[in-house]
Amino acid sequence: MAKQNQENQESSSFFAGVYQIVAQIPFGKVISYGQIAWMLGKPRAARMVGWAMRRCPDGLPWQRVVMADGTLAGGPYADLRRELLKAEGVAFLPDGRVDMDACRWELFRTETPQK
DNA sequence: ACATTGACCGGTT
DNA sequence: AAACCGGCCAATG
């Protein structure tokens with residue numbers, strides 16, 4: 001009965017979780033698709049996250065969502081997003097990638113401080 | 001109902 | 001270093 005409703009924020013729709021997480025990304029920060037999937041309990045379902053993004057819901061700062069390597073995703077909009085992120089104060093590398101090392105959101109940096 | 005595709009990721013070859 | 005592959009789940013034809 002009421003139990004079903006309770007899930008509608010964490011497990012009900014993968015997408016819903018994605019939207020909420022992306023919406024919580026602080027200013028000047030970025031996150032990878034895999035990272036989002038990771039939070040939702042599906043470390044391998046990064047594709048689903050991208051799928052949800054492609055649908056592009058309203059008011060969702062999808063521009064802050066990049067690939068694990070810091071490469072800008074988003075097909076034809078990738079170049080545009082670089083400008084948006086730059087405008088947010090996100091650090092960029094000479095390769096045209098986002099500096100995940102400085103702008104990675106919600107990441108436990110206990111690992112590989114220098115590897 | 002089945003097959004194909006899709007803003008990806010990480011490990012192998 | 002580059003290419004390939006499997007995995008995850010949903011939408012489309």
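Order of the sequence lines sets the chain letters (A, B, ...), proteins ahead of strands, with each chain counted from 1. What you see is a predicted model; the values in this text were computed from it and never measured.
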Where along nucleotides 7-13 of chain B does protein come under 4.0 Å, by heavy atom, of base (B) or sugar-phosphate alone (S), with - for untouched nucleotides?
BBSS---
With sequence neighbours excluded, what pairs up with A:Asp58 under the salt bridge (Lys or Arg N to Asp or Glu O under 4.0 Å) test?
none
Please tabulate, for side-chain N and O atoms in residues 82-89 of chain A, each donor-acceptor pair with protein atoms closer than 3.5 Å (sequence neighbours left out).
residue : atom : partner : partner atom : Å
A:Glu88 : OE1  : A:Arg64 : NE           : 2.8
A:Glu88 : OE1  : A:Arg64 : NH2          : 3.1
A:Glu88 : OE2  : A:Gln63 : NE2          : 3.3
A:Glu88 : OE2  : A:Arg64 : NH2          : 3.2

Name the atoms and distances for all side-chain donor-acceptor pairs under 3.5 Å in residues 41-52 of chain A, with sequence neighbours left out.
none

I'd like the P distance from C:dC5 over to B:dT4, given in whole Å.
16 Å
Determine which pairs satisfy salt bridge (Lys or Arg N to Asp or Glu O under 4.0 Å) with at least one residue from residues 15-28 of chain A, sequence neighbours left out, and list them in order.
none
Output all residues satisfying side-chain contact (heavy atoms from CB on, under 4.5 Å) with A:Asp99, sequence neighbours left out; order by chain, then residue number.
A:Ala91, A:Leu93, A:Asp101, A:Ala102
